Amino acid sequence: MNREILAERFAAIMDAGENGKFFTAKFIKRSNGQERVMNCRLGVKLHLKGGAKAYDDDEHRLVTVYDVKAQGYRCIPLESLQEINGRTV
């Protein structure tokens, strides 16, 4: 997937989640190919345990968000992102 499309999808997530707003993301999971719809939020710091991640989001084309229903951090793969707040990206 080309960088322009990935950049557009990243910008769509950043716009939807600006200032801690809740948003819904629809994407295909890398692990098993299932479609996933997640209510999430950017910028949540409350549940951080400390330390650094073992990987770089940019290198793996991921965006880390807080999943409201699961009450934990999850990663959205940019290449399989399909919708944000019901709008196709």
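These figures come from a predicted structure and were not determined experimentally. Computed from heavy atoms alone, side chains included, the values below leave out hydrogens, waters and symmetry copies.
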How far apart are the closest heavy atoms of Arg30 and His60, and which atoms are they?
-> NH2-O, 2.6 Å
With rounding to the nearest 0.5 Å, note down the distance linking CD in Gln82 to CZ in Arg36.
-> 13.5 Å
Decide whether a cation-pi geometry holds between Arg41 and Phe22; the criteria are a distance under 6.0 Å from NZ or CZ to the six-membered ring centre and an angle within 45° of the ring axis.
-> yes
Point-to-point distance, once rounded to the nearest 0.5 Å, from CD1 of Ile84 to OG1 of Thr24 = 9.5 Å
Could you tell me whether the side chains of Asn2 and Glu4 share a donor-acceptor contact shorter than 3.5 Å?
-> no
Identify whether Leu78 and Met38 are in the same connected component of the hydrophobic contact network (ILVMFWY, side-chain heavy atoms under 4.5 Å).
-> yes
Looking only at non-hydrogen atoms, find the nearest pair between Lys53 and Cys75 and report the distance.
-> NZ-SG, 4.4 Å
Given the rule that I, L, V, M, F, W and Y join up when any side-chain heavy atoms are under 4.5 Å apart, are Val68 and Tyr73 in one cluster?
-> no
Could you grab the distance from atom CZ of Arg61 to atom OG of Ser80, nearest 0.5 Å is fine?
-> 11.5 Å
Any idea which heavy atoms bring Cys40 and Ile76 closest together, and the distance?
-> SG-CD1, 4.4 Å
In Å, rounded to the nearest 0.5 Å, how long is the span from CG of Asn39 to NZ of Lys69?
-> 8.5 Å
Interatomic spacing from OG1 in Thr64 to CZ in Arg74 - rounded to 0.5 Å = 11.0 Å
Per the side chain to side chain contact (heavy atoms under 4.5 Å, CB included) rule, which among Asp58, Asp57, Leu81, Leu42 passes with Val63?
-> Leu42
Side chains of Phe23 and Val65: closer than 4.5 Å at any heavy-atom pair?
-> yes
Would you mind reporting whether Phe27 and Glu83 have side-chain heavy atoms less than 4.5 Å apart?
-> no
Hey, any chance Val89 and Ile5 share a hydrophobic cluster, counting ILVMFWY side chains that come within less than 4.5 Å of each other, even indirectly?
-> yes
Do you know which two heavy atoms are closest between Leu62 and Pro77, and how far apart they sit?
-> CD2-CA, 3.7 Å
